[in-house]
Amino acid sequence: MSLPPLVEPAAELTVDEVRRYSRHLIIPDVGMEGQKRLKNAKVLCVGAGGLGSPALMYLAAAGVGTLGVVEFDTVDESNLQRQIIHSQADIGRPKAVSAKETVQGINPYTEVRIHDERLDSSNVMEMFAQYDLIVDGTDNFATRYLVNDACVLLGKPYVWGSIYRFDGQASVFWSEHGPCYRCLYPEPPPPGMVPSCAEGGVLGVLCASIGSIQVNEAIKLLAGIGEPLLGRLMIYDALEMTYRQVKIRKDPNCAICGDNPTVTELIDYEAFCGVVSEEAQEAAAGSTITPAQLKEWIDGDEKIDIIDVREPNEYEIVSIPGARLIPKNEFLMGTALQDLPQDRRIVLHCKTGIRSAEVLAVLKNAGFADAVHVGGGVIGWVNQIEPTKPVY
């Protein structure tokens, strides 16, 4: 559906701005008035990572007058394969600061506001209220539901994107005119069911594909042109080079935007989504060892069987000495249980400790009462025991 422009036009464009945006100005659907609306717009990008990088850069290039970036993380070398707003020289620096400098280099007429903090229930309402439109570039479910609920409560539209390996999705959510994120995904997936990009990987250029679609939708909403992705989910397969769309309908039973909402204020989103399931938390309680403790067991020739529950490609990058690979899914399916030794203590590990905690719960239920897992996973091992090894 066509929607009215989200913002009013600015009073004027300077001579320099007319020169800069001339290729927009000669497009009839944008023109002088559309460009003035972009100049007057305030857009907040949640995250300056894979999706936030191209989104911030193209929003600035398009002439959005005020850009906010909320990001608390620092630049890591593993970010540079896809987070193109940062450079080698930015490693170790705050992402928000790095992003601001890049944006200002692209367009000095764009004001950049930094929110160098973690987005949570205590600050999201005040922060979002300052902007006309939210662009969601987050990579975890707790923050996605937080963004959605805050936008619904404030009546704000937001452009959503998601990436994983070779697949991307994008849509526009605005409860006043159509569905919200909860209409599409009423409940988060079980903890550990959907790997993060850090666990499963993502093709770097996929971020540009989805991020540019998000900016395209943002421009349409701000200027009031075209047909936004409201009520439509766009699904992109980079390997097959296919795009397809799925209709999304507003759910009358939606917990926050339905006829009788049960969510009327912000909730505890970490608890709602669960970083680790309750069963895994219970299994890990009293059965979690440190990398240093594992090193002592290895050096002391303890009777242990170290099992890496990551994926084969992760195992190829870095592994703990003596560990053998049995991916998590083989435990969930039950096929790995029959080959486990009965005369050795099972020691599980993954990348950071989340997947291994889930597998630990499976083993506890199967009778392996003395099984343990390594808190911090292989990342903790590298940081504490073998700092010369690569991390990912």
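- Ser2 and Glu227 share a side-chain donor-acceptor pair at under 3.5 Å.
- Under the 4.5 Å side-chain heavy-atom criterion for ILVMFWY residues, a single connected hydrophobic cluster contains both Phe173 and Leu154.
- Residue Glu17 holds its CD atom at 10.0 Å from CG of Leu25, rounded to the nearest 0.5 Å.
- Separating the OH atom in Tyr21 from the OG1 atom in Thr14 is a distance of 8.0 Å, to the nearest 0.5 Å.
- Grouping the Ile, Leu, Val, Met, Phe, Trp and Tyr side chains by contacts below 4.5 angstrom, directly or via other members, places Ile307 apart from Val372.
- Only one option out of Val43, Ile134, Val135 pairs with Tyr158 in a side chain to side chain contact (heavy atoms under 4.5 Å, CB included); it is Ile134.
- Within the model, atoms CD1 of Ile298 and CD of Glu296 stand 10.5 Å from one another, a figure rounded to the nearest 0.5 Å.
- Atom CG of Leu184 sits about 5.5 Å away from atom CG of Leu233, to the nearest 0.5 Å.
- Salt-bridge check for Asp305 with Arg324: passed, with a basic side-chain N closer than 4.0 Å to an acidic carboxylate O.
- Although no hydrogens or angles enter the test, the distance criterion places a donor-acceptor pair under 3.5 Å between the side chain of Asn123 and the main chain of Asp120.
- Of the possible polar contacts, none joining the Asn383 side chain to the Gly380 backbone as a donor-acceptor pair under 3.5 Å is found.
- Partners of Pro291 according to the side-chain contact (heavy atoms from CB on, under 4.5 Å) rule, which considers only residues two or more places apart in sequence or in another chain, are Val374, Trp381, Gln384, Ile385.
- Salt-bridge formation is detected for the pair Lys220/Glu217: a Lys NZ or Arg NE/NH1/NH2 atom is positioned less than 4.0 Å from an Asp or Glu carboxylate oxygen.
- In this structure, Lys39 contributes its side chain and Ala11 its backbone to no donor-acceptor pair below 3.5 Å.
- Ser53 places no side-chain N or O within 3.5 Å of a backbone atom of Gly50 that could act as its donor or acceptor partner.
- Environment of CG in Asp299: crowded, with over 12 heavy atoms of neighbouring residues, nucleotides or ligands closer than 6.0 Å.
- The distance from the NE2 atom of His24 to the CE atom of Met32 is 13.5 Å, given to the nearest 0.5 Å.
- For the pair Lys351 and Tyr392, the distance from NZ or CZ to the six-membered ring centre is under 6.0 Å and the angle to the ring normal is within 45 degrees.
- Checked by atom type and distance alone, the side chain of Ser171 pairs as donor or acceptor with a backbone atom of Arg232 at under 3.5 Å.
- Of the candidates Arg37, Gln35, Lys36, Glu33 forms a side chain to side chain donor-acceptor pair (under 3.5 Å) with just one, namely Arg37.
- Between Tyr145 and the choices Tyr181, Trp160, Tyr269, the ring-ring contact (aromatic ring centres under 6.0 Å, His included) rule is met once, by Tyr181.
- Using modelled atom types, one side-chain atom of Arg345 and one backbone atom of Asp370 make a donor-acceptor pair closer than 3.5 Å.
- Checked for salt-bridge contact, Arg20 and Asp16 miss the test: no charged N lies under 4.0 Å from a carboxylate O.
- Judged by a 6.0 Å distance limit and a 45° cone about the ring axis, Arg113 is positioned over the six-membered ring of Tyr131.
- The side-chain contact (heavy atoms from CB on, under 4.5 Å) test applied to Tyr315 returns Asp308, Arg310, Ser319, Leu325, not counting sequence neighbours.
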